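One structure is given here, and the rest of the page talks about it.
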Amino acid sequence: QVQLVESGGGLVQAGGSLKLSCVAFGWSSSPYAMGWFRQAPGKEREFLGTIIWTGGSTYIADSVKGRSTISSDNAKNTVYLQMNSLKPEDTAVYYCASKRSSTYIEVYYYTNIDEYDKWGQGTQVTVSS
């Protein structure tokens, strides 16, 4: 059974940086893509970005574009989210998710929560002002 485990969250001052990790266990085959999302208290879960597992191309949401990058180490079954210039409004639980396959031949970036198959338990990021 696939299990995703996030780590790297914590308390950081505004303007600081964090690098979150997500390790996947139990894969029988590589996923099509991995995604990062976050959910702040009282808000809906928000898409942050995704990486295509084969090839490593990424798509970053406009809300965090320019200060966020997604990368992966396929040999370690790990995907990363680097966020810089953190703001108090970045405070949230950050989740990674995997998408097993795509219905498209071309590269397609999935951005909706319902399109992902497996989720991690999340890691809390708190940005203090």
Side-chain angles (χ1 to χ4, degrees):
Q1 180 148 353
V2 176
Q3 184 180 9
L4 304 178
V5 180
E6 302 98 332
S7 62
L11 177 64
V12 61
Q13 288 189 332
S17 299
L18 273 180
K19 187 172 185 178
L20 306 181
S21 301
C22 172
V23 182
F25 300 94
W27 273 339
S28 58
S29 59
S30 299
Y32 171 75
M34 298 289 292
W36 281 100
F37 296 77
R38 68 183 177 187
Q39 188 164 19
K43 295 188 176 181
E44 293 185 353
R45 195 163 296 189
E46 174 190 13
F47 169 78
L48 299 177
T50 183
I51 183 166
I52 307 302
W53 195 254
T54 301
S57 59
T58 62
Y59 173 78
I60 305 296
D62 288 344
S63 60
V64 293
K65 188 176 293 183
R67 61 190 185 96
S68 300
T69 57
I70 295 177
S71 60
S72 67
D73 184 335
N74 291 19
K76 297 181 179 180
N77 285 348
T78 302
V79 62
Y80 305 97
L81 173 66
Q82 173 77 43
M83 290 194 67
N84 304 317
S85 303
L86 287 165
K87 310 171 186 178
E89 50 264 44
D90 291 319
T91 295
V93 178
Y94 285 68
Y95 298 90
C96 69
S98 64
K99 174 147 183 70
R100 185 170 53 247
S101 60
S102 177
T103 56
Y104 300 92
I105 296 176
E106 302 84 7
V107 169
Y108 185 85
Y109 298 111
Y110 291 89
T111 63
N112 294 322
I113 296 171
D114 294 341
E115 293 171 324
Y116 286 80
D117 310 298
K118 293 291 184 180
W119 292 82
Q121 82 290 346
T123 185
Q124 175 71 47
V125 173
T126 302
V127 183
S128 63
S129 57

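Model, not experiment: these values are computed from the prediction.
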Would you name the heavy atoms of Phe47 and Phe37 that are closest together and state the gap between them?
CA-CD2, 3.5 Å
Say whether Ile113 and Tyr95 are linked into one hydrophobic cluster, either directly or through other cluster members, by side-chain heavy-atom distances under 4.5 angstrom.
yes
Donor-acceptor pair, side chain of Lys99 and main chain of Gly35, under 3.5 angstrom
no
Pairwise side-chain contact, Gln124 with Thr91, heavy-atom cut-off 4.5 Å (strictly under):
yes
Parallel, tilted or perpendicular: which fits the ring planes of Tyr108 and Tyr110, with parallel below 30° and perpendicular above 60°?
perpendicular
Contact between Ser30 and Thr54 at the side-chain level, heavy atoms closer than 4.5 Å - yes or no?
no
Looking only at non-hydrogen atoms, find the nearest pair between Cys96 and Glu6 and report the distance.
N-OE2, 2.8 Å
Residues Arg38 and Met83: closest non-hydrogen pair is NH1-CE, 4.0 Å
Using atom types as modelled and distance alone, determine if a side-chain donor or acceptor of Ser72 lies under 3.5 Å from a backbone N or O of Asn74.
no
So do the side chains of Trp53 and Ser98 get within less than 4.5 Å of each other, counting heavy atoms only?
no
I need the Lys87 NZ to Ser129 OG distance, nearest 0.5 Å.
14.0 Å
Using a 6.0 Å cut-off, check whether atom CZ of Arg100 has over 12 heavy atoms from anything other than its own residue.
no
Side-chain touch Ser7/Thr123, heavy atoms, less than 4.5 angstrom
no
Taking every heavy atom of Ser57 against every heavy atom of Val107, the minimum-distance pair comes out as OG-CG1, 4.0 Å
Which pair of non-hydrogen atoms, one from Ala24 and one from Leu4, has the smallest distance, and what is that distance?
CB-CD2, 3.5 Å
Between Tyr116, Tyr109, Tyr32, which is the residue that forms a side-chain hydrogen bond (donor to acceptor under 3.5 Å, both in side chains) with Thr50?
Tyr116
Using 0.5 Å steps for rounding, measure from the CH2 atom of Trp36 to the OG1 atom of Thr58.
14.0 Å
Return each pair, listed once, that meets salt bridge (Lys or Arg N to Asp or Glu O under 4.0 Å) where at least one residue sits in residues 58-72; pairs must be two or more places apart or across chains.
Asp62-Lys65, Arg67-Asp90
Is the closest side-chain heavy-atom distance between Val5 and Phe25 below 4.5 Å?
yes
Could you pull out all residues at least two apart from Ser63 that satisfy side chain to side chain donor-acceptor pair (under 3.5 Å)?
Glu46
Min side-chain heavy-atom separation Leu20-Tyr80 under 4.5 Å:
no
Linked, directly or transitively: Leu81 and Val12 (ILVMFWY side chains, under 4.5 Å)
yes
If you take all heavy atoms of Leu86 and Leu18, which pair is closest and at what distance?
CD1-N, 3.9 Å
Any chance the side chains of Thr111 and Tyr59 put a donor and an acceptor closer than 3.5 Å?
no
Here the gap from Asn84 atom CG to Lys19 atom NZ, rounded to the nearest 0.5 Å, amounts to 10.5 Å
Once disulfide (SG to SG under 2.5 Å) is applied, what residue pairs with a partner in residues 42-84 remain, sequence neighbours excluded?
none
Non-hydrogen side-chain atoms of Val79 and Ile70 separated by less than 4.5 Å
yes
